[in-house]
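Structure, as structure tokens:
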Amino acid sequence: MYRYLERRLVEHLREFLRRTYGLESANIVVEQPPKIEFGEYALPLAFELARKLRKAPRKIAEEIVAGVGAIPGFEKFEVAGGGYINVRVNRAELAAALAADEEPAADVPTGKVLVEHSSINPNKAAHIGHLRNAILGDTFVRLLRFAGREVDVQNYIDNTGAQVADVVVGFLHIEQKSRAQIEALAAAPRFDYYCWDLYARVSHWYEEDKSNLQARLATLHAIEGGNNETAAIADLISTAVLKHHLETMDRLDIEYDFLPRESEILHLHFWDAAFTKLKEAGVLTYEDEGKNQGCWVMRRAGTVAEPLTRGDTAEKITEEKITEEDQKVIVRSNGTVGYVGKDIAYHMWKFGLLGRDFGYRKFYRYPNAHDCWISTTEGEKDHPHFGDVAEIYNVIDARQSEAQNTVIEALRGLGHGEAADRYTHFSYEMVALTPRCAAELGYQLSEEDKARPWIEVSGRKGFGVKADDLLDALITSAAKEVDGRHPELSAAERAGIAVQIAIGALRYFMLKFTKPSVIAFDFKDALSFEGDTGPYAQYAVVRASNIFRKGGLDPESFCRDAANLVSKEEFAKYLTGESGNDIWELWLTAAKTSYIVGQCIATTEPAYLAKHAFQLAQLFSTFYHRYPILSEADEGRRTFLLATAAVVRRELIRVLAAMGIDVPPVM
RNA sequence: GGGCCCGUAGCUCAAGCGGAUAGAGCAUCGGAUUUCUAAUCCGAGGGUUGCAGGUUCGAUUCCUGCCGGGCCUACCA
């Protein structure tokens, strides 16, 4: 509702400015006043117009307030300070609309959205860095769906890369295992943990003797070639680890629709199709001299050709040689293609620009019967249509922004500027460990490391916190609390609640930081259930539910009837004026959910949603404390307070659901 | 060397295309309801927003230069 009213306000003002001052495209900034007493919207408009109109801001503000006229849903306009215009809505009308759950539809862009996230190398267990990626990605998917978009979720699987090769090397060269032995291990529990340790050992083995790296190269070639024993072993390992990743993420209620694999990008010759087009378009150039002799290279994203002389034309510049430093090798001199090249082909496919498609088969069925598909060379006849989408978001950490930009520039160079514009690298910073946390985990730290603000997680070194371990620790910690608080519940009930709390804590923790902030992970912070945490927000909902349970009422049906149970006159009575301010702030915040969701999508920043959930929970907790509802003697007022609790409960449940957080029945 | 990001309270973080008195959580200290469960609430202390300039009616936000930190900059992925 809040967003809808803002749009109406802006449209009305734009019309007014055109009519009164002849201003066509004034930039109308709408802010939120610092205090609820000032109103619901604030306009610094008069400051902006002061120069254009050559008048004092205060004077302009007064003219606007006097002349703007009535707008449905709004109460009045006031001039404040040196020229602010504060706008008040009709509180009763907004509250009644929110109680009735009226949310006027916004314009939903057409076309399917593709979100790619997780994309964990299938050679070891997932760690906390992967959790941040998956939780950000999954939440963004939920936000898009909340806003009415159709979304496909993809998880790219690099099953033929060096990392998988390394683990294959570990099994074959270090452990000397047979295929049958590896198969048996892969079928055993925690195979991903086994690979985690083995991967670290392989890295160590390479360091011991550089000649060992030849085993990696030979293995990599065998895997890429396919149709041999080594490739078959790599496939069985990566497939087994992948299943563990899907199970780990499913614990957090994260699901995928399709798993495109690098092996199919290779075997279905996606690259060949892309290579032809890239050469034709002149995006790739062949180097016949210098350090990259024999390679096909592209200009590195973000670099610009230096004009040889003043007045060079654009054409001349594009024909110019790219300096070695600005060259990005796409095809090596031995004819093999690097990962950026494969990525370009893959992204052409995403936008339906490649002219080729994957084969598809069902791979994994979630407990809720949702199917996750995987790429194959020859697939099932009937399958959903993937790819060929209108917009894409790639949830990939900031370290890969240059590679992402190279892919975008390749699309642009191919003449697909509109696709490049709808390609978003959803970039975020990594999760690292605090030195204290690293020490707790038993890692030896140098004096230099101890002084660092954080230490980077490294799968190669086996250095990090595994996703399942963290989740287990959270569940254990939550279970201890639940067991102490609710001995009357069955063990199964208590365990279920502990899981919900653990997931709430984890997902909230990963979402509360803004994307550019490195998370310096520490168990103390991550295991906290108090204050600015997921469980705090869950607890607010539980308390709201408790009011209804104690009162013998059903919160859902009460919520559906809220608009009928409280008249507009009563809303006005309880929400107007100074005395109504604190409860009004709660209603107003509850009305902002779709506004916040819109902001999150526009800025690709889910942290705003976490902030919103916390604010709403915090306001509710204060309200809960200040107003005993069931003991309220005044019948009308009691109903109004119940309606407040019911509506806030509904909105908070929705917000938490958008973050992938469930609310336990009791806490 | 070049590119990107960061620097805000003791600690961890916010601050909506530049706006009103820079806000939370944790920690510390002091309080609260035999009431809808205290995973809660109220209060206190705590800030030259890294430094120096600039633009502006107005700068944590934009620009420039320094200082400090991180990441990227492979014929690895």
Side-chain angles (χ1 to χ4, degrees), chain A residues 27 29-35 38 42 44 47 50-51 56-57 80-84 86 121 158 160-165 216 220 262 287 291-297 300-303 325-326 328-334 336 338-340 342-343 397-403 405 427 429-430 432 434 452-454 456 478 481-482 485-486 501 512-514 516-520 522 524-525 528-533 535-536 538-540 542-551 595-596 599 602-603 605 607-608 611 614-615 618 621-622 624-631 645 666-667:
Chain A
N27 180 31
V29 175
V30 183
E31 291 168 5
Q32 296 177 31
K35 282 185 177 166
F38 296 167
F47 297 110
R51 204 172 312 128
Y84 265 98
N86 288 332
N121 272 305
D158 182 6
T160 54
Q163 293 211 20
V164 169
R216 170 200 244 182
L220 196 51
E262 189 175 77
E287 285 301 304
K291 120 179 136 95
N292 294 327
Q293 185 178 15
C295 299
W296 286 88
V297 304
R300 193 180 291 288
T303 64
E325 201 172 64
D326 292 348
K328 175 79 195 164
V329 172
I330 304 298
V331 181
R332 303 179 190 113
S333 56
N334 66 4
T336 58
Y339 87 106
V340 176
K342 288 175 232 173
D343 228 19
D397 77 69
R399 286 172 291 197
Q400 294 201 50
S401 61
E402 189 182 282
N405 288 333
S427 170
E429 269 295 347
M430 62 184 167
T434 61
R452 289 173 183 274
W454 61 73
E456 198 173 339
E481 293 290 329
V482 178
R485 287 159 203 255
H486 296 287
I501 292 170
K512 71 191 267 194
F513 302 92
T514 54
S517 172
V518 174
I519 298 181
D522 199 303
K524 184 179 140 286
D525 297 332
S528 169
F529 298 150
E530 289 169 16
D532 187 11
T533 67
Y536 175 92
Q538 291 173 314
Y539 188 59
V542 168
R543 291 179 124 185
S545 304
N546 284 345
I547 298 168
F548 290 92
R549 203 188 51 221
K550 277 280 166 70
Y595 171 84
I596 301 288
Q599 299 270 316
T603 57
E605 182 51 272
Y608 297 140
K611 186 61 109 190
F614 180 62
Q615 265 170 10
Q618 206 174 30
S621 294
T622 306
Y624 176 91
H625 231 267
R626 197 174 292 171
Y627 302 98
I629 297 176
L630 294 177
S631 58
V666 298
M667 279 178 79

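Chain identifiers are assigned alphabetically (A, B, ...) following the order of the sequence lines, protein sequences preceding nucleic acid strands; residue numbering begins at 1 within each chain.
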> With no angle test and no hydrogens, is the base of B:U12 tied to the side chain of A:Lys512 by a donor-acceptor pair under 3.5 Å?
Replying inline: no
Given [options], the nucleotide with the shortest approach to the side chain of [X]:
X        : options             : value
A:Tyr624 : B:G16, B:U37, B:A24 : B:U37
A:His625 : B:U40, B:A20, B:U12 : B:U40
A:Phe529 : B:C57, B:A39, B:C26 : B:A39
A:Ser517 : B:C41, B:U37, B:A14 : B:A14
A:Ile501 : B:U56, B:A39, B:C26 : B:A39
A:Tyr608 : B:A15, B:G16, B:U40 : B:A15
A:Phe38  : B:C13, B:A20, B:A39 : B:A20

> Distance only, no hydrogens: is a donor on one side chain within 3.5 Å (strictly under) of an acceptor on the other, for A:Glu530 and A:Tyr539?
Replying inline: no
> With distance as the sole criterion, is a donor-acceptor pair present between the side chains of A:Arg549 and A:Asn546 under 3.5 Å?
Replying inline: yes
>> Check for me whether the distance between the ring centres of A:Tyr536 and A:Phe529 falls short of 6.0 Å.
In response: no
NA contact type, [X], heavy-atom cut-off 4.0 Å: base, sugar-phosphate, or nothing?
X        : value
A:Asn405 : nothing
A:Val482 : base
A:Phe614 : sugar-phosphate
A:Val542 : nothing
A:Arg549 : nothing
A:Ala42  : base
A:Tyr536 : sugar-phosphate

With side chains defined as the heavy atoms from C-beta onward, is the minimum distance between [X] and [Y] less than 4.5 Å?
X        : Y        : value
A:Trp454 : A:Thr434 : no
A:Ser333 : A:Gln293 : no
A:Glu429 : A:Ile519 : no
A:Asp158 : A:Tyr339 : no
A:Phe614 : A:Lys512 : no
A:Val482 : A:Ile501 : yes

>> Can you confirm whether more than 12 heavy atoms, excluding those of A:Glu325, are under 6.0 Å from its CD atom?
In response: no
> Just by modelled atom types, is the A:Phe513 backbone N or O under 3.5 Å from a matching donor or acceptor in the A:Ser517 side chain?
Replying inline: no
Roughly how many Å apart are [M] and [N], using the [atom1] atom of each and rounding to a whole number?
N     : M     : atom1 : value
B:U55 : B:C63 : C1'   : 7 Å
B:A14 : B:G7  : P     : 8 Å
B:G16 : B:C75 : P     : 41 Å
B:A59 : B:U64 : C1'   : 15 Å
B:U49 : B:C6  : C1'   : 14 Å
B:C42 : B:G58 : P     : 37 Å
B:C5  : B:A9  : P     : 22 Å
B:G18 : B:U61 : P     : 11 Å

> Which residue lies toward the 5' end of RNA chain B, A:Pro33 or A:Lys524, if each is placed at its nearest nucleotide?
Replying inline: A:Pro33
> Nearest nucleotide by nearest heavy atom, which residue falls closer to the 5' end of RNA chain B, A:Met667 or A:Pro516?
Replying inline: A:Pro516
>> What does the 5'-to-3' dot-bracket notation of RNA chain B look like when only Watson-Crick and G-U wobble pairs under 3.5 Å count, and pairs to other strands show as |?
In response: (((((((..((((.....[...)))).(((((.......))))).....(((((..]....))))))))))))....
> Are any of A:Thr622's side-chain N or O atoms less than 4.0 Å away from OP1 or OP2 of B:C42?
Replying inline: yes
>> Is there a side-chain contact between A:Lys35 and the phosphate of B:U21, meaning an N or O under 4.0 Å from OP1 or OP2?
In response: no
Atom [atom1] of [X] to atom [atom2] of [N]: distance rounded to whole Å?
X        : N     : atom1 : atom2 : value
A:Lys550 : B:C36 : NZ    : P     : 5 Å
A:Arg626 : B:U40 : CZ    : P     : 17 Å
A:Gln32  : B:A22 : CD    : C1'   : 17 Å
A:Phe513 : B:C11 : CZ    : C1'   : 12 Å
A:Phe548 : B:C36 : CZ    : C1'   : 10 Å
A:Ile547 : B:U37 : CD1   : P     : 9 Å
A:Glu605 : B:C13 : CD    : P     : 14 Å
A:Glu481 : B:U37 : CD    : P     : 18 Å

> Hey, is A:Glu456 close enough to A:Arg399 for a salt bridge, meaning N to O under 4.0 Å?
Replying inline: yes
>> Please enumerate all residues that pass salt bridge (Lys or Arg N to Asp or Glu O under 4.0 Å) together with A:Lys328, with sequence neighbours excluded.
In response: none
>> At under 4.0 Å between heavy atoms, how does the protein contact nucleotides 70-77 of chain B? Give one character per nucleotide, 5' to 3', with B, S or -.
In response: SSSSSBSB
